[in-house]
Peer 1: 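Questions regarding the structure given below will be posed in turn.
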Amino acid sequence: MSKPTTGGFAKTPGWLDWYEGPSKPRLQLPPGSVDAHCHVFGPGDRFPYAPERKYTPCDASWQQLFQLRDHLGFERNVIVQATCHGADNSALLDALRRSEGRARGVVTVRRSVSDAELKSMHEAGVRGVRFNFVKRLVDFTPKDELMEIAARIAPLGWHVVIYFEAQDLPELWDFFTALPTTVVVDHMGRPDVRQPVDGPEFELFVKFMRDYPNVWSKVSCPERLSVSGPPALHGERNAYRDVVPFARRIVETFPDRVLWGTDWPHPNLKGHMPDDGLLVDFIPHVAPTAQLQRKLLVDNPNRLYWG
Ligand SMILES: O=C(O)c1cc(C(=O)O)oc(=O)c1
């Protein structure tokens, strides 16, 4: 892949660029596999970063994303609006339109969005909106505004993607369980993997999925959640062992409601930037059988985004 650029913006100090020259995964992805969580950033000189952003990344273009898709062996992408672009979805919509039907999108909108805009986003391949509750990434949006947006996108057949941290689930519970659509949780609701997999915090997340059959989870981002590593670098095939029991429990308990994504280009990682080929080779640790892998990578994302 070509080298990361910045389009004239100054990156957040300490920013880690995505890993150049990822390895080829040993795992042969089944035909029709979807990378169901990834982003495009800019390029900043064409699609400027939002004034209200909390970080400034390196650019990550649709060309670089689709090159990675082909290199890793995925057929399709779900591109999720990154908070550094706020509610300006232009870079994402441009990527969808250039994907030849091989990408779907999840956008961020305000209550001022018009019906015509929603329709045009749908035609471009958008199938969901993202509500973000991670305080380091976004300013607070009132819940009544979010509920209004959810009610407007529900008739389009779209779903709501939520990003939050495990300790905030109790406070957000009533809001989440009142959402009228399918609800997809980013990165398993960010469990603290130092706690037991059957401890009260993760049990609440499992209860959320068990009691509400409209709730799905991405079992993505071991590189973010891991505390003890080791990182997916230098040929390591047993990376992020502390995350495995959490992701595996979700995959085995709810095999028809899980998704997987690279999270490329991995915004805001601090310690290391993973080799995306090795990240793909993490999948069999959490989905150990061919059948579970097919549901996670092919059946579930295609049903939700291309069904
Ligand atoms: O944990 C993060 O920093 C992060 C940020 C974003 C975003 O800025 O949209 O998306 C993610 O999936 C994860």
Side-chain angles (χ1 to χ4, degrees), residues 4 6 9 11-19 34-42 44 47-60 62 65 68 77-93 95 103-110 126 128-141 146 159-169 183-193 216-227 231 240 243 246-247 258-274 276 279 301:
T6 58
F9 283 81
K11 289 185 281 189
T12 296
W15 184 264
L16 295 182
D17 295 348
W18 35 266
Y19 186 89
V34 181
D35 175 353
H37 187 99
C38 50
H39 309 284
V40 286
F41 298 153
F47 301 110
Y49 299 108
E52 72 273 24
R53 70 191 179 278
K54 306 288 184 205
Y55 63 87
T56 308
C58 66
D59 294 332
W62 61 267
L65 176 65
L68 180 74
N77 295 103
V78 179
I79 309 177
V80 176
Q81 174 74 351
T83 58
C84 57
H85 279 297
D88 177 351
N89 299 286
S90 322
L92 184 150
L93 293 170
R104 295 290 195 230
V106 173
V107 293
T108 295
V109 296
R110 308 267 178 252
V126 173
V129 291
R130 191 182 199 202
F131 296 165
N132 202 317
F133 300 88
V134 178
K135 294 175 190 81
R136 75 185 152 81
L137 293 172
V138 285
D139 297 324
F140 177 77
T141 306
L146 297 176
H159 58 267
V160 173
V161 171
I162 51 178
Y163 191 24
F164 62 92
E165 295 180 321
Q167 76 261 20
D168 297 327
L169 180 55
V183 173
V184 180
V185 178
D186 277 341
H187 320 324
M188 295 187 285
R190 292 197 64 112
D192 175 355
V193 300
W216 294 43
S217 179
K218 295 177 196 165
V219 291
S220 42
C221 279
E223 71 285 4
R224 258 180 217 297
L225 302 173
S226 181
V227 177
Y240 315 125
V243 182
F246 292 81
V258 284
L259 302 170
W260 192 88
T262 56
D263 193 38
W264 188 88
H266 313 285
N268 303 310
L269 284 187
K270 298 282 182 259
H272 72 288
M273 190 48 67
D276 294 282
L279 262 191

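Note that ligands are numbered from 1 as they come in the structure, with each ligand's atoms numbered from 1 the same way.
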Peer 1: Dump the intermediate steps for ring-ring contact (aromatic ring centres under 6.0 Å, His included) on H37 and H187, then the final yes or no.
Peer 2: CA-CA 9 Å; H37 187 99; H187 320 324; 4.6 Å; yes

Peer 1: What distance separates Y19 OH from E223 CD, expressed to the nearest 0.5 Å?
Peer 2: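 Here the rounded value is 14.0 Å.
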
Peer 1: Calculate, to the nearest 0.5 Å, the distance between atoms CH2 and OG belonging to W260 and S217 respectively.
Peer 2: 13.5 Å

Peer 1: Could you tell me which non-hydrogen atom of V193 sits nearest to which non-hydrogen atom of L225, and how far apart they are?
Peer 2: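 Heavy-atom minimum between the residues: CG2-O, 3.3 Å.
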
Peer 1: Which bit of V134 gets closer than 4.0 Å to ligand 1, counting heavy atoms only: side chain, backbone, both or neither?
Peer 2: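 Neither; no heavy atom under 4.0 Å.
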
Peer 1: Which atoms of ligand 1 sit under 4.0 Å from any heavy atom of Y55?
Peer 2: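 Those atoms are 7 (C), 8 (O).
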
Peer 1: To the nearest 0.5 Å, what is the distance between NZ on K54 and OG1 on T83?
Peer 2: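 If we round to the nearest 0.5 Å, K54:NZ and T83:OG1 are 9.0 Å apart.
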
Peer 1: Of all the heavy atoms in D186, does at least one lie under 4.0 Å from an atom in ligand 1?
Peer 2: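 The answer is no, since D186 has no heavy atom less than 4.0 Å from ligand 1.
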
Peer 1: Evaluate the side-chain proximity of F9 to D59: yes if any heavy-atom separation is below 4.5 Å, no if none is.
Peer 2: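 Sidechains of F9 and D59: no contact.
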
Peer 1: Record the part of E165 in heavy-atom contact with ligand 1 below 4.0 Å; permitted values are side chain, backbone, both and neither.
Peer 2: neither

Peer 1: For ligand 1, which atoms have a heavy atom of R190 less than 4.0 angstrom away?
Peer 2: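 Checking each atom against R190, I get 1 (O).
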
Peer 1: Drop me the distance from L279's CG to W264's CH2, to the nearest 0.5 angstrom.
Peer 2: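 If I round to the nearest 0.5 Å, the distance is 13.0 Å.
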
Peer 1: Is the shortest distance from a heavy atom of H37 to ligand 1 less than 4.0 Å?
Peer 2: yes

Peer 1: Below 3.5 Å, N or O to N or O, backbone or side chain included: is there any such pair between Y163 and ligand 1?
Peer 2: yes

Peer 1: Distance under 4.0 Å to a non-hydrogen atom of H39: what atoms of ligand 1 satisfy this?
Peer 2: 10 (O), 11 (C), 12 (O)

Peer 1: Could you state the interatomic distance from CZ (R130) to CG (L146), rounded to the nearest 0.5 Å?
Peer 2: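 Rounded to the nearest 0.5 Å, the CZ-CG separation comes to 13.0 Å.
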
Peer 1: Taking 4.0 Å as the limit for heavy-atom contacts, which would you say applies to N268 with ligand 1: side chain only, backbone only, both, or neither?
Peer 2: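 Near ligand 1, N268 shows its side chain, while the N, CA, C and O stay back.
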
Peer 1: For R130, which part has a heavy atom under 4.0 Å from ligand 1: side chain, backbone, both, or neither?
Peer 2: side chain

Peer 1: What atoms of ligand 1 come within less than 4.0 Å of a heavy atom belonging to P267?
Peer 2: 3 (O), 5 (C), 6 (C)

Peer 1: Which residue owns the protein heavy atom closest to atom 5 (C) of ligand 1, what's the atom, and how far is it?
Peer 2: L137 CD1, 3.5 Å

